[in-house]
K.L.:
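Have a look at this one.
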Amino acid sequence: MRWFGTAAVALAAMGWGTWSLFLRGSGLTPAWQSILILCVIATIGAAPALAGAGRPHSRPRPPRLWLLIAALGFFDAGGYLLFFGAVDRGPISVAVLTHYLAPVVVAGCAPAFLREPLGPRTLPALAASLVGLGLLLGSGGATGFGAVWPTAALGAASALFYGGATLVGKKALRDFSNQEALAWHCAVSALLLLPLAGAPPPLAAFLGRPLAGAALLGAGGGWLFYFGLARVPAQRAAVLTYLEPLVASVVGALAFGERHSAAGLLGAALILGAGAAVALQADPQR
């Protein structure tokens, strides 16, 4: 089951690296992009969540546990809004790579918050990943970091929210099924974002690529991620999600003309190697 969890997180992360193909040029603002995705996830997951499919236990859940779902909704609302704001500004590599400060937050906080001991390869892998991210960031096809600082700032801010969502989500999955955690927290996130979204765009703007991305990467990717997160330590999931910026960099190069130097390619290799090292290590004792 450990390998199923590892594969699920990796597949979700790789899919998320293609968000720009579905959302760029859609005419939707980052807030409405986020609301569409969150509503699709909540709608698809509502029926199995109400049926109690996959619940980890049948014990009554006190109100304090539902506060975890509310907290997860808050963190994901902030993460979605800031991340898609960064992707909308571009370049994609800067947006996604700065967002991936989040695994550092997760790996650093998991021992205290989730009582997961550090695996022997986790810290070296995180260090290698950060070096790789730095190389990729420095080699992006932008005109310099100063020219894209708003993108980098939005991406880094989204990392804090994403890290919080991963930690809270891991804790919530002790008492909620994957579908419950997804459906209920996404509904909370969408409600939190509505007051910030402004007037809705025409219905046609939601259809086609944005709706397909919401279903495939939002609902499908979210289910895969939570399926995997329930079966692997949060530190492993955090490092495996570094596959997202790797895929995003490839998409940026092939679809949008963003280029990387030899140093950028070395950075990509470091990211892949770090993820593989953590995925292959033995699970730390819980």
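Since we're looking at a predicted model, the values are computed, not measured. Atoms considered below: every heavy atom in the structure, side chains included; atoms not considered: hydrogens, waters and symmetry mates.
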K.L.:
Enter the distance from F75:CZ to S189:OG here, rounded to the nearest 0.5 Å.
P.N.:
11.0 Å
K.L.:
Hey, would you say the F84 and W19 ring centroids sit under 6.0 Å apart?
P.N.:
yes
K.L.:
For the hydrophobic clusters of this structure (ILVMFWY residues joined by side-chain heavy atoms under 4.5 Å, transitively), does one cluster hold both L50 and L65?
P.N.:
yes
K.L.:
If hydrophobic clusters are built by linking Ile, Leu, Val, Met, Phe, Trp and Tyr wherever their side-chain heavy atoms come under 4.5 Å apart, do L67 and V188 end up in the same one?
P.N.:
no
K.L.:
Within a reach of under 6.0 Å around CZ of F256, are more than 12 heavy atoms found that belong to other residues, nucleotides or ligands?
P.N.:
yes
K.L.:
For residues L243 and A10, report the shortest heavy-atom separation together with the two atoms involved.
P.N.:
CD1-CB, 3.6 Å
K.L.:
Who passes side chain to side chain donor-acceptor pair (under 3.5 Å) against R209, sequence neighbours left out?
P.N.:
none
K.L.:
Suppose we screen for side chain to side chain donor-acceptor pair (under 3.5 Å). Which residues come up paired with Q179, at least two apart in sequence or across chains?
P.N.:
none
K.L.:
Kindly state each residue pair satisfying side-chain hydrogen bond (donor to acceptor under 3.5 Å, both in side chains) with at least one member in residues 65-88, sequence neighbours excluded.
P.N.:
D76-H185
K.L.:
With a 4.5 Å limit on heavy-atom distance, are the side chains of L211 and L36 in contact?
P.N.:
yes
K.L.:
If two hydrophobic side chains count as joined below 4.5 Å and joins carry through other members, does L194 share a cluster with L81?
P.N.:
yes
K.L.:
Please give me the minimum heavy-atom distance between I69 and A181, naming the atom from each residue.
P.N.:
CD1-CA, 4.1 Å
K.L.:
How about W32 and I37: do any of their side-chain heavy atoms sit closer than 4.5 Å?
P.N.:
no
K.L.:
Using ring-ring contact (aromatic ring centres under 6.0 Å, His included) as the criterion, list what pairs up with F22, not counting sequence neighbours.
P.N.:
none
K.L.:
Taking all non-hydrogen atoms of both residues into account, name the closest pair between P201 and L28 and its distance.
P.N.:
CG-CD2, 3.4 Å
K.L.:
Tell me, please, whether F176 has R174 positioned over its six-membered ring: NZ or CZ under 6.0 Å from the ring centre and within 45 degrees of its axis?
P.N.:
no
K.L.:
Can L196 be reached from L154 by stepping across I, L, V, M, F, W or Y side chains whose heavy atoms are under 4.5 Å apart?
P.N.:
yes
K.L.:
Between CG of L217 and CE of M14, what distance do you get to the nearest 0.5 Å?
P.N.:
12.0 Å
K.L.:
Roughly how far apart are L23 CG and T18 OG1, rounded to 0.5 Å?
P.N.:
9.0 Å
K.L.:
Give the minimum heavy-atom separation between A190 and C39, together with the two atoms involved.
P.N.:
CB-SG, 4.0 Å
K.L.:
Of all residues at least two apart in sequence or in a different chain, which pass the side chain to side chain donor-acceptor pair (under 3.5 Å) check with D175?
P.N.:
H57
K.L.:
Once you round to the nearest 0.5 Å, how far does SG of C186 lie from CD1 of I41?
P.N.:
4.0 Å
K.L.:
Identify the two heavy atoms, one from A255 and one from L21, that lie closest to each other, and give their separation to 0.1 Å.
P.N.:
CB-CD2, 3.8 Å
K.L.:
Are L72 and L68 packed together at the side-chain level, in the sense that at least one heavy-atom pair is separated by less than 4.5 angstrom?
P.N.:
no
K.L.:
With sequence neighbours excluded, what pairs up with F225 under the ring-ring contact (aromatic ring centres under 6.0 Å, His included) test?
P.N.:
W16
K.L.:
Do L182 and I44 come within less than 4.5 Å of each other through their side chains, counting heavy atoms only?
P.N.:
no
K.L.:
When you measure from the side chain of R89 to the backbone of G85, do you find a donor-acceptor pair of N or O atoms at a distance under 3.5 Å?
P.N.:
no
K.L.:
Does S26 reach the side chain of Q33, with side-chain heavy atoms less than 4.5 Å apart?
P.N.:
yes
K.L.:
Heavy atoms only: give me the nearest G79-F161 pair and the separation to one decimal.
P.N.:
N-CB, 3.5 Å
